[in-house]
Chemist: 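Before anything else, here's the structure in question.
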Amino acid sequence: MFWPQYFVPKAQSASPIFAGSIWIGGYDQNNLLHTTAMTYRQNGVDFWAGPLDTANANFTTNSSNYNKVWSIRSSTVDSFNQGLLMPSTISDFATWPANGDQSVGEAKKLAPYFDANNDGVYNYLNGDYPQIRGNQSLYSIFSDSSSHSETGGRAMGIEIHSMPYAFNCIQDSAFWNTIFIHYDIINRSSNNYDSVFVTQWNDYELGNYGDDFIACDTTLEMGYLFNGNNNDPGGYLNKLPAFGTVLLNKSISSFSSYNNSGSLFNGNPSQTNNGMEYYNYMRGKWRNGSSIMYGGNGITGTQPTTFLFSGDPVAGTGWNMLGNLPPGD
């Protein structure tokens with residue numbers, strides 16, 4: 001997600017995210033850790049395009065057919081339903097990955113669609129059409145079978161259907177400045193996973209990558225960053241940009257961060273113990289598994305917590321970076 005950069009609204013000249021990805025980790029019934037994640041592709045890749053064989057959780061021979069992102073607008077669907085459009089002229093409509101190839105083990109139903117005659121087969125000539133969210137949706141399918149050269153972790157055998165979407169609603173600043181992401185995460189493996197954490201990893205950058213502050217608001221299920229001058233803690237927050245990620249249908253269990261460094265506490269995770277360092281960050285720990293400590297830099301604080309910088313930087317209450325720690329990457 002968001003690679004190499006991300007712009008919202010579209011006309012903005014600066015990107016608030018350099019890169020982003022979903023991270024997932026958990027233990028199987030034999031108490032073995034499995035992790036799958038992505039960062040910058042510097043070390044390798046954990047996710048690959050395409051669905052998995054429903055019997056063996058392996059990639060099918062059709063994987064290359066899914067190495068793309070489908071883009072559908074609600075206006076296209078409306079025009080089709082009004083008889084004003086032949087989808088054959090729009091490849092993403094005509095090739096919508098609604099049905100998998102069962103002859104190679106793919107699931108019968110993949111991407112959501114309206115089935116006009118309830119025959120279970122996507123065919124726009126019969127009035128079928130993609131079911132999307134918002135005014136424009138992007139859709140992709142990716143999975144984590146095979147080797148994990150990013151985390152070094154064991155494969156989970158999960159298939160992810162991703163649908164980012166947005167609303168064309170310039171009159172409403174919240175909708176106009178928001179991208180929604182819907183994930184369907186399907187366990188195609190024979191493992192029963194426990195202690196599973198699903199994490200949205202973002203490399204936030206508001207302008208200069210080295211001058212950002214981060215914080216979380218547990219009452220809003222939000223992690224966010226803001227930009228500013230550490231020597232001027234008063235009065236400027238309403239003038240400078242902020243950007244955040246909100247969980248809409250799940251409760252946030254932790255908010256953590258790491259620096260672009262080699263620190264054993266809060267540095268970049270490495271391929272150690274089947275992705276344990278990635279998993280530690282997912283569950284609100286430091287890289288080496290030690291607890292985040294409330295106060296200061298989170299390493300030498302007073303009591304364990306899973307929420308880094310949970311105070312209010314505007315009101316100056318609670319634990320926050322502003323006025324206490326320098327900004328960074």
Side-chain angles (χ1 to χ4, degrees), residues 1-23 37-47 150-151 164 166 177-179 181 199-217 222-247 252 254-271 277-278 280-282 284-288 292 296-299 307-314 319-329:
M1 301 296 295
F2 316 130
W3 180 266
Q5 288 185 319
Y6 161 88
F7 298 90
V8 57
K10 184 177 179 180
Q12 292 282 22
S13 59
S15 167
I17 300 181
F18 179 75
S21 177
I22 191 171
W23 289 12
M38 281 304 305
T39 56
Y40 310 101
R41 297 179 178 263
Q42 291 172 313
N43 297 323
V45 179
D46 279 11
F47 288 123
E150 164 71 36
T151 62
N177 289 282
T178 300
I179 295 292
I181 306 177
T199 299
Q200 180 63 45
W201 171 85
N202 290 323
D203 180 3
Y204 288 132
E205 293 180 3
L206 281 180
N208 186 329
Y209 68 87
D211 63 356
D212 293 326
F213 298 93
I214 58 171
C216 70
D217 187 328
M222 174 190 288
Y224 65 99
L225 85 162
F226 54 96
N227 192 268
N229 183 342
N230 194 41
N231 296 320
D232 179 23
Y236 68 83
L237 284 177
N238 292 327
K239 302 176 183 178
L240 294 177
F243 188 87
T245 301
V246 178
L247 297 184
I252 183 173
S254 67
F255 174 77
S256 59
S257 173
Y258 64 85
N259 297 328
N260 187 12
S261 73
S263 168
L264 294 178
F265 278 95
N266 57 359
N268 294 300
S270 65
Q271 298 177 343
E277 293 184 358
Y278 290 82
N280 286 337
Y281 280 131
M282 291 186 217
K285 301 285 187 178
W286 288 127
R287 173 184 172 185
N288 62 2
I292 295 173
N297 61 5
I299 299 174
F307 295 100
L308 190 65
F309 306 129
S310 56
D312 185 336
V314 176
W319 178 32
N320 59 79
M321 286 186 69
L322 194 61
N324 298 313
L325 294 170
D329 182 14

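Just so it is clear, the model here is predicted, and its values are computed rather than measured.
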Chemist: How would you list, by chain and number, every residue that makes a side-chain contact (heavy atoms from CB on, under 4.5 Å) with Y209, sequence neighbours excluded?
Modeler: E205, D329
Chemist: Not counting sequence neighbours, which residues clear side-chain contact (heavy atoms from CB on, under 4.5 Å) with S21? List them please.
Modeler: W23, M38, F47, W201
Chemist: Donor-acceptor pair, distance only, cut-off 3.5 Å: does the side chain of W319 make one with the backbone of G296?
Modeler: yes
Chemist: Only counting residues at least two apart or in another chain, list the ones meeting ring-ring contact (aromatic ring centres under 6.0 Å, His included) with Y281.
Modeler: Y258
Chemist: Of the non-hydrogen atoms in I292 and F255, which two are nearest, and what is the gap between them?
Modeler: CD1-O, 4.3 Å
Chemist: Excluding sequence neighbours, so at least two apart, what forms side-chain contact (heavy atoms from CB on, under 4.5 Å) with N202?
Modeler: F2, I17, Q200, Y204, T245
Chemist: Of all residues at least two apart in sequence or in a different chain, which pass the salt bridge (Lys or Arg N to Asp or Glu O under 4.0 Å) check with E150?
Modeler: none
Chemist: Calculate, to the nearest 0.5 Å, the distance between atoms CG and CZ belonging to L325 and F213 respectively.
Modeler: 9.0 Å
Chemist: Are D312 and N320 close enough that a side-chain donor and a side-chain acceptor fall under 3.5 Å?
Modeler: no
Chemist: Not counting sequence neighbours, which residues clear side-chain contact (heavy atoms from CB on, under 4.5 Å) with T151? List them please.
Modeler: T35, A37, D46, H148, Y278
Chemist: Do N297 and F265 touch side chain to side chain, with heavy atoms closer than 4.5 Å?
Modeler: no
Chemist: Okay, side chain of N280, backbone of R287: is any donor-acceptor separation there less than 3.5 Å?
Modeler: yes
